[in-house]
Protein chains: 2
Amino acid sequence: MESWSQRPGRLGRPRRLSREAILSSAERILTEEGAEHLSMRRLAKEMSSTPMALYYHVKDKDELLTLLLDARTERLPRAELPHEPRERLLAGARTLHGMLADCPWAVEAVTSEDHVSASALRLVESMIDAAVACGMSHEEAVYAYRVIWYYTIGELLVRLNRERARRKGEDTPWERAMLSLDPDAFPLLARLRDQWVELAAGDHHQRGLEAVVDGLLAQGAVCPGTAGHP
Amino acid sequence: MESWSQRPGRLGRPRRLSREAILSSAERILTEEGAEHLSMRRLAKEMSSTPMALYYHVKDKDELLTLLLDARTERLPRAELPHEPRERLLAGARTLHGMLADCPWAVEAVTSEDHVSASALRLVESMIDAAVACGMSHEEAVYAYRVIWYYTIGELLVRLNRERARRKGEDTPWERAMLSLDPDAFPLLARLRDQWVELAAGDHHQRGLEAVVDGLLAQGAVCPGTAGHP
DNA sequence: ACCTGAACACCGTTCAAGT
DNA sequence: ACCTGAACACCGTTCAAGT
């Protein structure tokens with residue numbers, strides 16, 4: 001709405017900057033260059049404007065990030081959720097993970113700034129609901145959600161750093177350490193080198209997620225029918 | 001050794017700077033003010049020196065962090081490890097978690113820079129060894145370690161941000177969101193407010209850790225004797 | 001209403017020069 | 001051997017001023 005003209009009906013020079021334009025430029029930098037390259041000064045240069053002009057349209061960098069994050073989550077497809085509660089819990093966690101895996105810059109924003117949007121709340125609500133449907137008490141369900149969240153965010157962060165190192169053509173310090181191990185001091189790790197590298201490369205979020213969820217369900221162990229697994 | 005005199009036997013004006021002095025000043029800033037306040041310039045001022053003088057003693061900020069982290073892990077008490085493999089795995093994870101919980105600045109260093117020290121390797125080796133003793137294959141053991149690590153680092157990061165917000169007298173965005181929920185849109189979350197706040201405040205790492213470990217053991221399900229839990 | 005310039009208070013790091 | 005000053009290339013943000 002009126003992104004090129006100040007008042008409807010009145011033609012005029014389009015505004016050079018607008019919230020929308022700023023947001024989409026910022027998103028471009030984030031996805032193409034990563035969160036570490038988004039700065040107000042850089043963004044202004046990108047738009048051939050000045051850093052201070054941005055401050056007319058957004059309060060500060062934090063607000064900018066929040067707006068970007070909200071726009072992202074709002075665009076989330078409202079996935080079909082399975083009926084079986086354990087499956088529903090898993091699906092919720094997968095959606096959460098998938099969304100953030102597609103959008104690495106958001107991982108840091110979400111962990112360090114800890115922003116919240118309504119769509120995120122919807123997802124959390126549905127996961128806790130599923131946990132309750134699995135037979136958990138309210139307290140257990142909230143706790144289960146938290147454990148799943150810790151696992152998810154941890155996996156994403158490690159993944160993010162791996163990809164950053166990759167982009168710079170480096171190895172992760174862990175990879176370096178594994179490659180130059182003293183086999184006398186660390187006989188087991190030395191023998192596991194290949195598994196380590198292989199596991200680091202693959203995507204095992206789903207597999208670990210099932211272990212976490214089933215561990216949580218077994219801990220409650222109130223609903224033997226749904227807590228079981230093949 | 002020779003922290004105040006350049007050459008043994010030769011008395012003289014003590015060097016104003018030294019690696020040790022730099023490291024301990026840096027550690028003071030980190031523990032008392034947090035990682036976000038440690039900068040080369042700030043550190044130099046603290047020691048009534050100049051930023052550039054530091055660069056004679058350490059290569060760059062990254063090396064400084066690595067040295068600090070190594071010093072920390074080297075000081076780790078070599079804990080007595082239980083014999084029972086599941087307990088040993090749990091004990092390893094607890095040690096890892098406890099060490100980082102005591103040392104919040106290291107959490108960020110460890111996740112974002114991903115440093116590795118020999119003591120950390122020892123701990124990882126012993127955890128993987130315990131996992132194998134639980135009946136896991138090498139591949140499963142490495143994978144189990146990773147899942148535990150993700151969970152641990154995720155818990156620590158969320159905790160860190162909570163404490164940072166506390167120190168600034170703020171609420172976490174999640175706490176704010178929970179307090180201003182629309183009960184019609186999120187009926188379950190609205191009812192769970194109290195559990196949420198309570199769980200966020202307490203330390204439930206151990207409880208979640210057991211769920212994660214038992215979930216992993218059940219997934220392997222090769223060693224029924226050790227995979228069970230009371 | 002929208003944008004600019006200059007300024008403030010920061011970063012990490014390099015490099016030639018001093019003692 | 002150890003340290004300094006000046007400089008480079010960055011940050012986020014404020015504030016008074018311009019059109």
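In this text, all values refer to a predicted model and were calculated from it rather than measured experimentally. A note on names: the letters A, B, ... follow the listed sequences, proteins ahead of strands, and every chain is numbered from 1.
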Please confirm whether B:Arg122 makes a cation-pi placement over A:Phe186, using NZ or CZ under 6.0 Å from the six-membered ring centre and within 45° of the ring normal.
no
A:Arg146 NZ/CZ over B:Trp196 ring centroid, <6.0 Å and within 45° of normal
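Yes, A:Arg146 and B:Trp196 form such a contact.
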Going by number, which of residues 21-34 of chain A have a non-hydrogen atom under 4.0 Å from DNA chain D?
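Within residues 21-34 of chain A, no residue comes under 4.0 Å of DNA chain D.
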Is the distance from OP1 or OP2 of [N] to the nearest side-chain N or O of [X] less than 4.0 Å?
X	N	result
A:Ser39	D:dC11	yes
A:Ser49	C:dT4	yes
A:His57	C:dC3	yes
A:Tyr56	C:dC3	no

Could you walk me through whether A:Asp129 and A:Leu89 pass the side chain to side chain contact (heavy atoms under 4.5 Å, CB included) check?
CA-CA 8 Å; A:Asp129 183 70; A:Leu89 187 52; over 6 Å; no
Between A:Arg41 and A:Ala53, whichever has its closest DNA chain C nucleotide further toward 5' is A:Ala53
Could B:Glu63 and B:Arg19 be called an ion pair, given the rule that one side-chain N must be under 4.0 Å from one carboxylate O?
yes
Between A:Glu175 and A:Arg166, is there a salt bridge with N-O shorter than 4.0 Å?
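Result for this pair is yes, salt bridge flagged.
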Starting from [atom2] on [N], measure out to [atom1] on [X] and report it in whole angstrom.
X	N	atom1	atom2	answer
B:Met40	D:dT4	CE	P	14 Å
A:Leu65	D:dG12	CG	P	11 Å
B:Tyr55	D:dC2	OH	P	19 Å
B:Arg19	D:dA1	CZ	P	16 Å
B:Lys59	C:dT14	NZ	P	8 Å
B:Met47	D:dC2	CE	P	14 Å

For D:dT19, give the paired nucleotide (Watson-Crick: N1-N3 plus N6-O4 or O6-N4; G-U: N1-O2 and O6-N3; both under 3.5 Å), or none.
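Looking at the geometry, D:dT19 pairs with C:dA1.
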Provide the Watson-Crick or G-U wobble partner of D:dA7, both distances under 3.5 Å; none if there is no partner.
C:dT13
Report the residues that fulfil side-chain hydrogen bond (donor to acceptor under 3.5 Å, both in side chains) with B:Arg75, sequence neighbours left out, ordered by chain and then residue number.
B:Glu27
P gap between C:dA9 and D:dC10, integer Å
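My reading of the P atoms in C:dA9 and D:dC10 gives 22 Å.
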Test salt bridge (Lys or Arg N to Asp or Glu O under 4.0 Å) applied to A:Glu163 - qualifying residues, sequence neighbours left out
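With sequence neighbours excluded, A:Glu163 shows a salt bridge (Lys or Arg N to Asp or Glu O under 4.0 Å) to no residue whatsoever.
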Position toward the 5' end of DNA chain D (nearest nucleotide), A:Lys45 or A:Lys61:
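Looking at DNA chain D, the more 5' nearest nucleotide goes with A:Lys45.
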Under 4.0 Å between any heavy atoms, over every strand shown, what does A:Met52 touch: base, sugar-phosphate, or nothing? Just pick one.
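Counting heavy atoms under 4.0 Å across all strands, the contact made by A:Met52 includes a base.
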